[in-house]
2 protein chains.
Amino acid sequence: MQTLSQFMRTHPAGATLLKNGWGTNDFLDVSPKIYKPHSVICRQDDNDDTIFILKSGWAILYRGLLDGERQIIDTPLGGDIVGFRFVDGPRFASLASITELAVYEISRKALIDAVLSDGRLGNKIACSLARLNAILAEHLVNVGRRNAMSRTAHFLLELEERLSKVGLSDHGRYECPLTQHELADILGMTTVHVNRTLRELRKADLVSFKAGHVEVINRKKLVETAGFDKEYLR
Amino acid sequence: MQTLSQFMRTHPAGATLLKNGWGTNDFLDVSPKIYKPHSVICRQDDNDDTIFILKSGWAILYRGLLDGERQIIDTPLGGDIVGFRFVDGPRFASLASITELAVYEISRKALIDAVLSDGRLGNKIACSLARLNAILAEHLVNVGRRNAMSRTAHFLLELEERLSKVGLSDHGRYECPLTQHELADILGMTTVHVNRTLRELRKADLVSFKAGHVEVINRKKLVETAGFDKEYLR
DNA sequence: CGGTAATTTGACTGGAGTCAACTATTGTGG
DNA sequence: CCACAATAGTTGACTCCAGTCAAATTACCG
């Protein structure tokens, strides 16, 4: 089974995280843990200090509100770090698998020790966090300032771009295991309205999202209605 | 004039960023640059590689859309890093001063070199970015899943908490130089609706925001309607 | 003081939410 | 392998929160 250190050296989205030159850290020699679809990997408010690096599969990172609603913060993919906090304390968000998920788990203390002793690691982590930052910021723009149509279009384009970095998208086609309900919690809309919006997008021959399969039909018009500029994902 | 390295050692929100033990880096011996109110410090899509560390004053970090709208991503305060990107390339967002602003400016290359040679710096940067992450994520939750009332209430409480960390808030009272128009661009609402919402909050004796002065009136009820839990700002 | 920017208010509109029913798909145990 | 339950998707009718448009009124600044 592939260890974290091997994964890092060979992962296509190495840019996302850490690439080479520090495969000597002991803590990297861990094997991935496998989770079943729809299992909870960690819970908001829990107090453990595990940090996760996803190897493969789909997951959602979300924050639940008191009234039972939730906002999905991100859909981390292979190579992404999840749960790195600036200080000890209860978790900010929950992480759940959508598909079967392979995850490297390391303790915050171990990672920080390694960062302290090797500047290259710190740099890689910082860069990875900066990328997450850009993704979050664009997500915020999306929810705060775009209407249902362009918001949905934008998200589907972002997914395509992110998936293509890890080889999971091809010519505007990719598999997406998210339900419309999950989509709604990502986009800050209701399930019903997501449904209607997807219908509109299909009727306008922009994208189709059917049975877990996404297909970009008219990229030019789609990018236009989304106001999408992939630069932030570089 | 206080250099960056001196600032870091004495800044009250040291936790936000870098505290001690690395004041020996040359690049830290820079003086802050002073900007007038309402000046643009850097522009989205520009290609310079300066990174900013705020010393004092209010600023907004925002992203403009093609249709002329904008979403304010964050209101960075003293001690916050702005503009750290994971890779070279055009800027993601613009930074503008609201009040007079003092800013330390360093080049991305210099900062990265320093990170590479000193793990402690990398750690501090990573922690600072992780904090920004949490703030962005909560901002997203706010805009995506809370209505005008609790959204506005939540933001005012977040400001209070962040300001109190740098000694700018006292017993639920603080100065806030943001206009209602800027507030609207932060909260993903219109100016008109921000105005009405602030009136509601005042009428309900929760908070008042008048003439740049914010005052928490009934904290318990305010926290409740906001669904505010300051843990993410620790 | 005069002009510009910011705030406030009212009347009206509309996009997205709510409620509710129905259909399609998936998955599971007998 | 089917029956049937549970989950996911779809659609219509109606509501409402927030947006739009427009016009004061007030605060700020040179």
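So you know, we letter chains A, B, ... as the sequences are listed, proteins then strands, and number each from 1.
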Is there a donor-acceptor contact under 3.5 Å linking the side chains of B/S97 and B/S39? yes

B/T190 side chain: which of C/dT8, D/dG19, C/dT18 is closest? D/dG19

Here the distance between atom P of D/dG19 and atom CG of B/D67, to the nearest Å, is 14 Å

Can you measure from NZ (B/K55) to CG (B/L77) and round to the nearest 0.5 angstrom? 14.5 Å

Identify every side-chain donor-acceptor pair in residues 201-210 of chain B under 3.5 Å, counting partners at least two apart or on other chains, and give the distances.
none

Does B/R63 count as lying over the ring of B/F92, i.e. NZ or CZ under 6.0 Å from the six-ring centre, within 45 degrees of the axis? yes

Closest to the side chain of B/N195, out of C/dT8, C/dG17, D/dG19, is C/dT8

State the CG-CD distance between B/L61 and B/Q71, to the nearest 0.5 angstrom. 11.0 Å

How many Å lie between CG on A/L187 and C1' on C/dG15, as a whole number? 16 Å

Both A/R145 and A/R202 contact DNA chain D. Which one's nearest nucleotide lies toward the 5' end? A/R202

Whole-Å distance between C/dT28 C1' and A/H38 NE2? 15 Å

Starting from P on C/dT8, measure out to CG on B/L183 and report it in whole angstrom. 12 Å

Give the rounded distance in Å between these two atoms: NE2 of B/H181 and P of C/dA5. 12 Å

Is the shortest side-chain N/O distance from A/K210 to OP1 or OP2 of C/dA24 below 4.0 Å? no

Looking at C/dG17, C/dT7, D/dT10, which one has an atom nearest to any side-chain atom of B/T179? C/dT7

From the options C/dA16, D/dG9, D/dG19, select the nucleotide whose nearest atom is closest to the side chain of A/A148. C/dA16

Within the structure, does a side-chain N or O atom of A/Q180 lie under 4.0 Å from either OP1 or OP2 of D/dT7? no

Rounded distance (Å) that lies between atom P of C/dA16 and atom CZ of A/R151: 7 Å

Could you tell me the separation between the NE2 atom of A/H193 and the P atom of D/dT10, rounded to a whole number of Å? 15 Å

For B/D185, is there an ion pair with B/R70 - N to carboxylate O distance below 4.0 angstrom? yes

Salt bridge between A/E160 and A/R219, side-chain N to carboxylate O under 4.0 Å? yes

What is the per-nucleotide protein-contact pattern of nucleotides 21-30 of chain D, from the 5' end, where B denotes a base atom under 4.0 Å from a protein heavy atom, S denotes such proximity for sugar-phosphate atoms only, and - denotes neither? B---------

Roughly, in whole Å, what's the span from CD in A/E200 to C1' in C/dA16? 13 Å

